[in-house]
Amino acid sequence: MDFSRQTKIPSCRKLLPFIVFQVIISTVLFVYIQNFRSADSTVSASSIQGHSYKLLPENVSIVKKGAPNLTILLWTWPFGVHSTIQKCSKLLGIPDCHITANRSWYHKADAVLIHHRDVCYSPRKLPQVPRPPFQRWIWYNLESPSASPNMSFMDNHFNLTMSYRRDSDIFCPYGLLEVLTEPQNVTIPPKSKLVAWVISNWNPASHRVKYYKELKKYIQVDVYGQGHLTLPQDKHLSTLSQYKFYLAFENSIHEDYITEKLWKNSLLSEVVPVVCGPPRKNYERYLPPDAFIHIDDFPSAKDLANFLKELDRNATRYQSYFQWRTWLKPSGQMSFSLHYCKACRALQTTPFHFQTIPELSKWFK
Ligand SMILES: *[C@@H]1O[C@H](CO)[C@@H](O)[C@H](O)[C@H]1NC(C)=O
Ligand SMILES: *[C@@H]1O[C@H](CO)[C@@H](O)[C@H](O)[C@H]1NC(C)=O
Ligand SMILES: *[C@@H]1O[C@H](CO)[C@@H](O)[C@H](O)[C@H]1NC(C)=O
Ligand SMILES: *[C@@H]1O[C@H](CO)[C@@H](O)[C@H](O)[C@H]1NC(C)=O
Ligand SMILES: *[C@@H]1O[C@H](CO)[C@@H](O)[C@H](O)[C@H]1NC(C)=O
């Protein structure tokens, strides 16, 4: 661009501001062009991998076309444990992503999946190399906020969230209900015992342990776990299914934090869950109201105990907690591969746009 044509020849007195103006304009233009060039060079670099990006006029958005073989870099193996990665075409019936834990892929990776637990002990555990403009960092966490330290390290780094929270960009619940294609006859496994509880992390000061201590004054509760009855992995389901009720007590209370205690220990074992966790309304986003008993429905542990004993005596009433199974089937399917594939699907299906999560720590608590 030639600015002199649009500008009158300046007098000597006005020359200095004019020169300053020129310098500013040239600098701005230079920086703009450099930025454009560097963005452009990543376009060609990534085209090699079969991707194609288009710069929009404002240079604010990169659009991904076609069905590319996206690369997802696992920044760490979750909890440092290597696991086999299953194909997304098999798990979700979608085009496969290239999922790798090999950090040499960093510069080409469309997304970097960062597992909170493995990076939270220092901000230096996050990637330190500048990220390519097309790359998205996904914050991955399945623990509750109470068990997720140093959240503030995560502010202003991430583009997408992946957790059990329903309002995550990529939603990974601990379980879900599937709708059956036709109704099934509900059969309840034989029940010879009353209330079971499996607990690995015994904290006497916790709400759930205090509640249990009150409850057991009024009703027999069989406790499994460290320091209690033993429950071998292979006997898990067969043991629990003999009980009428299971105490699905979460270790901390947070929105949507409903774990395998409900999905695996109760619903897949065909035991009626007695839940302690977020409010009933929150559970009802995942389950029919008559699929569980909430401790908040009772003024005291004694009242809950009386209610459970009443159900124990009345088969018709007890069976009503299984009616929903006519049309619904619980699935506690949980695997790292499934989560990686959910990330893969999200990257394939959501249109590319820039997004930063400035205050992750304010959201996740
Ligand atoms: C990581 O990927 C690079 C580039 O593809 C390759 O040369 C290297 O052998 C890989 N490393 C491992 C440990 O697989
Ligand atoms: C939180 O960060 C501090 C400072 O980096 C670190 O010393 C501490 O170990 C971290 N906490 C956990 C639980 O990783
Ligand atoms: C369910 O029960 C009804 C009545 O007992 C019976 O006619 C039907 O065949 C059963 N259906 C299945 C899928 O077992
Ligand atoms: C059992 O519960 C049902 C349904 O609430 C009720 O109609 C019935 O009278 C109860 N039976 C006994 C023996 O209490
Ligand atoms: C991702 O977030 C970072 C950090 O805030 C930001 O610099 C970058 O532009 C974002 N990238 C995308 C693709 O949204």
Side-chain angles (χ1 to χ4, degrees), residues 35-36 38-43 45-46 48-56 58-65 68-85 97-162 168-170 201 203 251-252 343-344 346-365:
N35 276 342
F36 191 84
S38 64
D40 208 47
S41 68
T42 61
V43 170
S46 44
I48 296 166
Q49 276 181 270
H51 298 181
S52 92
Y53 303 99
K54 190 178 128 205
L55 288 173
L56 293 187
E58 306 88 0
N59 191 17
V60 292
S61 181
I62 299 174
V63 177
K64 189 157 276 185
K65 288 194 264 172
N69 181 18
L70 298 168
T71 294
I72 299 177
L73 171 64
L74 309 178
W75 187 242
T76 64
W77 289 101
F79 304 108
V81 180
H82 290 232
S83 57
T84 41
I85 296 172
C97 282
H98 168 223
I99 301 168
T100 175
N102 180 344
R103 289 191 183 176
S104 338
W105 281 89
Y106 179 78
H107 295 285
K108 287 178 179 174
D110 297 275
V112 182
L113 196 68
I114 301 175
H115 185 245
H116 183 82
R117 188 75 245 185
D118 304 319
V119 295
C120 70
Y121 45 94
S122 162
R124 307 271 315 160
K125 287 283 160 188
L126 294 174
Q128 300 294 306
V129 192
R131 72 182 94 180
F134 56 84
Q135 184 176 87
R136 286 179 279 188
W137 289 12
I138 305 172
W139 181 75
Y140 179 34
N141 188 22
L142 298 170
E143 303 295 320
S144 80
S146 304
S148 305
N150 290 338
M151 278 302 301
S152 61
F153 295 174
M154 308 300 150
D155 290 349
N156 286 305
H157 288 300
F158 287 88
N159 309 103
L160 296 167
T161 55
M162 180 154 102
S168 302
D169 297 293
I170 304 155
N201 189 5
N203 172 10
N251 59 21
S252 55
C344 168
L347 295 168
Q348 287 170 353
T349 56
T350 46
F352 187 96
H353 65 279
F354 281 96
Q355 167 176 303
T356 299
I357 299 142
E359 292 182 317
L360 196 55
S361 57
K362 288 235 167 80
W363 169 72
F364 196 76
K365 62 179 187 187

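Position 1 is the first residue of the sequence, and the numbers go up from there. For ligands, and for the atoms within them, numbers begin at 1 and follow the listed sequence.
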- Task: Apply side-chain contact (heavy atoms from CB on, under 4.5 Å) to Leu126 and Phe153, showing your working.
- Result: CA-CA 9 Å; Leu126 294 174; Phe153 295 174; 5.6 Å; no

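- Scanning the protein heavy atoms around atom 4 (C) of ligand 1, the nearest turns out to be Ser104 CB, 4.3 Å.
- With a 4.0 Å cut-off on non-hydrogen atoms, Arg131 touches ligand 5 through its side chain and not its backbone.
- In terms of modelled atom types and a separation under 3.5 Å, the side chain of Asp118 and the main chain of Phe79 share a donor-acceptor contact.
- For atom 14 (O) of ligand 2, the nearest protein heavy atom (residue, atom name, distance) is Tyr121 CB, 3.2 Å.
- Inspection of the Ser252 and Ser144 side chains reveals an N or O donor paired with an N or O acceptor under 3.5 Å.
- In terms of protein heavy atoms, atom 5 (O) of ligand 1 is closest to Trp105 NE1, 3.8 Å.
- Of all atoms in ligand 2, listed by their number and element, those nearer than 4.0 Å to a heavy atom of Pro149 are 13 (C).
- Numbered from 1 in the order shown, with element, the atoms of ligand 5 that lie under 4.0 Å from a heavy atom of Arg136 read 13 (C).
- Counting only distance, with no hydrogens or angles, the side chain of Asn150 and the backbone of Cys120 share a donor-acceptor pair below 3.5 Å.
- Of the N or O atoms in Asn150, one or more lie within a sub-3.5 Å distance of an N or O in ligand 2.
- Among protein heavy atoms, the minimum distance from atom 9 (O) of ligand 1 is reached at Asn102 ND2, 4.8 Å.
- Residue contact annotation: Pro133 has a non-hydrogen atom under 4.0 Å from ligand 5.
- If you take CG on Leu360 and NZ on Lys362, they are separated by 11.5 Å, rounding to the nearest 0.5 Å.
- Closer than 4.0 Å to atom 7 (O) of ligand 1 lies none of the heavy atoms of the protein.
- Protein non-hydrogen atoms do reach within 4.0 Å of atom 11 (N) of ligand 1.
- In terms of polar-atom proximity, defined here as any N/O pair under 3.5 Å, Gln355 does make such a contact with ligand 5.
- Judged by distance alone, the side chains of His98 and Thr71 do bring a donor and an acceptor atom under 3.5 Å apart.
- Those atoms of ligand 5 that come under 4.0 Å of a heavy atom in Asn156, given as number and element, are 4 (C), 5 (O).
- Ring-plane geometry between Trp77 and His82 is classed as parallel, the angle between the planes falling under 30 degrees on a 0 to 90 degree scale with a further cut at 60.
- Under 3.5 Å, the side chains of Asn102 and Thr100 contain no donor-acceptor pair of N or O atoms.
- Residue contacts with ligand 5 include Phe352, since one of its heavy atoms falls under 4.0 Å from the ligand.
- Per-atom contact check: atom 1 (C) of ligand 1 touches the protein, criterion being a heavy-atom distance below 4.0 Å.
- Atoms of ligand 5 found under 4.0 Å from any heavy atom of Phe354, numbered from 1 in the order shown, are 9 (O), 11 (N), 12 (C), 13 (C), 14 (O).
- Minimum interatomic distance between Asp169 and Leu160 (heavy atoms only, all atoms of both residues): OD2-CA, 3.3 Å.
- Here the straight-line distance linking atom OG of Ser168 with atom CH2 of Trp139 works out to 7.5 Å at 0.5 Å rounding.
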